[in-house]
Amino acid sequence: MKITKTLTAALLAGTVSLLAVSAAQAVTLRMGNGGEPGSIDPHHAEGDWENRIIGDYIEGLMTEDANAEAIPGQAESFTVSDDGLVYTFKLRDGIQWSDGTPVTAGDFVFAFQRLFDPATASSYAYLQYPIKNAEAIASGEITDFAELGVKAVDDTTVEITLENPTPYFLQALTHYTAFPVPKHKVEELGDDWTKIENVVGNGPYVLKEWVPGSFLRSEKNPDYYDAANVAIDEVYYDNTEDTTAAFNAYIAGELDILTAFPPDQYQWLQDNRPGEAHVEPFLGVYYYVMNQEEGPLTDVRVREALSISVNREVIGPDILTTGEIAAYGWVPPGTANYDGEAYMPDWASEDYGSRVERAKALMAEAGYSPENPLNLQLRYNTNEAHQRIAVALSAMWEPLGVNIELFNAEVAVHYDALQAGDFQIGRAGWLLDYSDAANTLDLLKGGTQQGDTMNWGNNYGRYNNEEFDALMDKAAAELDLTARAAILHEAEALAMDDFAAMPIYWYVSKNIVSPAIEGFVDNPSDIHRTRWLSKSE
Amino acid sequence: MLSYAFRRVLGAIPIALIAITACFFILRAAPGGPFDGERALPPQIMDNLRAYYNLDKSLFEQYFIYVGGVLRGDFGPSMSYQDFSVSELLAIGLPFSLMLGLVAFVVATSVGILAGMISAVNQNKWPDFSVIFVVMIGLIVPNFLMANLLQLLLGVYWNWLPVRGYVPGSIPHLIMPILILSLPQAARVARLMRGSMIEVLGTNYVRTARAKGLGARLVLARHAIKPALLPVVSYLGPALSGLLTGSLVVEQVFALPGIGKYFISAALARDYGIVLGTTVLYMGVILLLNLIVDILYAYLDPKVRYR
């Protein structure tokens, strides 16, 4: 009897709480945000799922418009000196943190100093290395933070000095590493300022609730300067690590936006919910690295044979089934500051059969044939899609006399091996940090000597070409954007003709957006700030 | 019995220490580290990170720092969830996982025992066959598949329950997770109960009870249930620890705020703090449960008590 009573009461309470939610008039956006945020501190965050939260509650000097292009955010206006080195930002009037404290130039100076402070150990601090003395401070060479190229001229003026002219710097300022942090809170609470009960922001939303493993919730910030144009009142950033469950929830109407979906549901979506899946080009390249430090892949003929015998056109439509676009170059289509014709090798338009024949001939020249096969190991991190591609490519290489041994490992082990050069062919992927061609081309720059070891950074394949490096340096010093683009095109062609690495496909972003949501503009950065969205019932 | 319990508790201490030590060093021997991700970090940033987490110290120094912390109840920082310490994450997630596990445990044992009894009493008749059918399904369908099926049926097509997610205080959100979590355990309990009940019903003392004229219900209640429960009870410890540690799939699928999901994600991310923290915690829970079961066993079976 007592149990029945308790149960009834509990069920009643549940029903009442459900009713209460539906009775509220607030416009709520429920976003399937992907992973669990590791940190909502802009200096510790690392992923796009964190960016979606942080970019809603903090705003930098620059922010993104609905197309993800850089527009003034907390800055009302800015000027750039003629030599491209000094940026001066004028802050908006009356901007404040969500606890009422004014946002001042000092908050920005403090934030950049904290970003580069070795004690903060911010993993993405290097994205702001264009700023003068930033790298030296992060590495501990300079300990006086006042030497950093970020200064408060007065309370509402921020002046940023760069090491070199950087054409993408305004875009870089939209990245969360350039966001301000509330100086008064961080000084008082240290890293605890991001505890949900302490956190304050200056963005269109204010964080209200965090249930680790489940969701974060934010509410519209009434004090935001553009609050009048913010249509969504409340946002849930749901943990949707299980994409199948999230997809079911979307179909049941429990989520409005999904930032990923199970690939095997794509066809169903296209058939039953046309227009809701947004599969769009995204700034990123999926590629294989070939170890050029030692072994058979130092031979350019072998690299060429492997690369041209990959039928990239079948990978998106048939192997991944979500329509990824075949990649033949190194800079994704749509990348900013990269006018001019996209790199496309002659062999890409060659008939696939004759490409295979040519590849066989190249392998024969290098001394390999089906009778005298080349044995290679292909490493990839454990994932079904990676496996499908690896299997498909092994099959494409078999006629050339290449025996592939597949070796998969979890992410940490995989990248550890790539960084150590302990591989022959390895899978890798690169999502651009900001829209600029140098951001992918830098992956192919030669290593730097550090003590008695070479640091190859993200150049896992250890492609080493002084001519390429010289072009990259030349581009970095070039102020004129058109001339710079031409130099970068030259560098891309050089590396690709060397088969420095094997691009396979361009990434696509995969969102599902409910028809009730308006203002969701597809863009190659895949950034869609909530302030531009609205929802009709 | 008290001294028996005391000896068991004392015996747990070296086990705990060995487990922590083994876990610590095995984890460090695994290739790859917490900062090996899709992209290589610049070396000075890597150095900063390593210093931040004391990873630049020698392994033994790190070990003593860690064990010292654990003794003070501090499990150190988390490298993948930086806004929380490991202790904070466990403090948030543990009560939820315990609640989920205990409710599922109560559901699984009561339903399982009842179903097993019904099955045994009606051996080879239709109630028996239907119980066996459900038991088989509970045992062979993996929980991620069961979760997907139930989500589609109860959530998407019939719209009876929310598909996933967590709303503090909302019971409908917990029904499916508990159902999925308890089904396989209920199935095991039912199978055990059925088997031992059939055995007990065939013993001489039950036959004697019947012969002296006791009704079927009284025979069951007075003479059959208690001995038939023995194999079930010895299974309850593993069942409960299985429910408490086995919630990881359910927590992940339904996005619930428990600690089960950290088990896998933290191990893959080489988040040393969380892996060790969850391991130590679960070890404590399992040691405790085994102790309780042993004591319960002694209560149910006098032979154990006096040995």
Can you confirm if the aromatic rings of A:Phe247 and A:Phe261 lie within a centre distance of less than 6.0 Å?
no
Does any backbone or side-chain atom of A:Ile40 lie under 4.5 Å from a heavy atom of chain B? Answer side chain, backbone, both or neither.
both
A:Tyr124 and A:Tyr126 aromatic ring geometry - parallel, tilted or perpendicular at 30°/60° bounds:
perpendicular
Most heavy-atom pairs under 4.5 angstrom with chain B, which of A:Ala119, A:Pro37, A:Gly213?
A:Gly213
Which of parallel (below 30°), tilted (30 to 60°) and perpendicular (above 60°) describes A:Tyr129 and A:Phe116?
tilted
Toward chain B, the part of A:Asn248 with a non-hydrogen atom under 4.5 Å
both
Okay, A:Asn458 and chain B: the region with an atom under 4.5 Å from a heavy atom over there is both
Ion pair check, B:Arg270 and A:Asp416, cut-off under 4.0 Å
no
Is B:Pro162 in contact with chain A via its backbone, its side chain, both, or neither, using a 4.5 Å heavy-atom distance?
both
Report the residues that fulfil salt bridge (Lys or Arg N to Asp or Glu O under 4.0 Å) with B:Asp74, sequence neighbours left out, ordered by chain and then residue number.
none
Is it the side chain or the backbone of B:Ile92 that comes within 4.5 Å of chain A heavy atoms, both, or neither?
side chain
Using a 3.5 Å distance criterion without hydrogens, assess whether the side chain of A:Asp41 forms a donor-acceptor pair with backbone atoms of A:His43.
yes
Among B:Val253, B:Ile259, B:Asp83, B:Val163, which residue has the highest count of heavy-atom pairs closer than 4.5 Å to chain A?
B:Asp83
How far apart are the C-alpha atoms of B:Arg164 and A:Asp238, what are their side-chain angles, what is the distance that settles it, and do they pass the salt bridge (charged side-chain N to carboxylate O under 4.0 Å, His left out) test?
CA-CA 10 Å; B:Arg164 62 174 285 289; A:Asp238 269 35; 3.1 Å; yes
Against chain A, label B:Leu268 side chain, backbone, both or neither, depending on which of its atoms sit under 4.5 Å from a heavy atom there.
both
Parallel, tilted or perpendicular for B:Tyr63 and B:Phe24, by the 30°/60° rule?
perpendicular
Would you please test B:Phe254 and B:Tyr166 for side-chain contact (heavy atoms from CB on, under 4.5 Å) and show each step?
CA-CA 7 Å; B:Phe254 290 92; B:Tyr166 172 72; over 6 Å; no
Which residues in residues 134-143 of chain A have any heavy atom closer than 4.5 Å to a heavy atom of chain B?
A:Glu135, A:Ala138, A:Ser139
Are the aromatic rings of A:Phe423 and A:Tyr460 close, with centres under 6.0 Å apart?
no
B:Tyr272-B:Tyr53 aromatic ring centre distance below 6.0 Å:
no
With a 4.5 angstrom heavy-atom cut-off, is it the side chain or the backbone of B:Asn159 that approaches chain A, or both, or neither?
neither
Can you tell which part of B:Glu88 gets under 4.5 Å to a heavy atom of chain A, answering side chain, backbone, both or neither?
side chain
Using modelled atom types and a 3.5 Å cut-off, is there a donor and acceptor pairing between side-chain atoms of A:Thr243 and backbone atoms of A:Ala260?
no
Got a sec: does the CZ of B:Arg50 have more than 12 other heavy atoms crowding it under 6.0 Å?
no
For chain B, the option from A:Trp193, A:Trp210, A:Phe215, A:Trp456 that forms the most heavy-atom pairs under 4.5 Å
A:Trp210
Which bit of A:Arg217 comes within less than 4.5 Å of chain B, counting heavy atoms only: side chain, backbone, both or neither?
neither
Selection from A:Ala252, A:Ala409, A:Ser214, A:Ala45 maximising heavy-atom pairs under 4.5 Å formed with chain B:
A:Ser214
Pick from A:His44, A:Glu241, A:Gln419, A:Glu254: which one has the most heavy-atom pairs with chain B under 4.5 Å?
A:Glu254
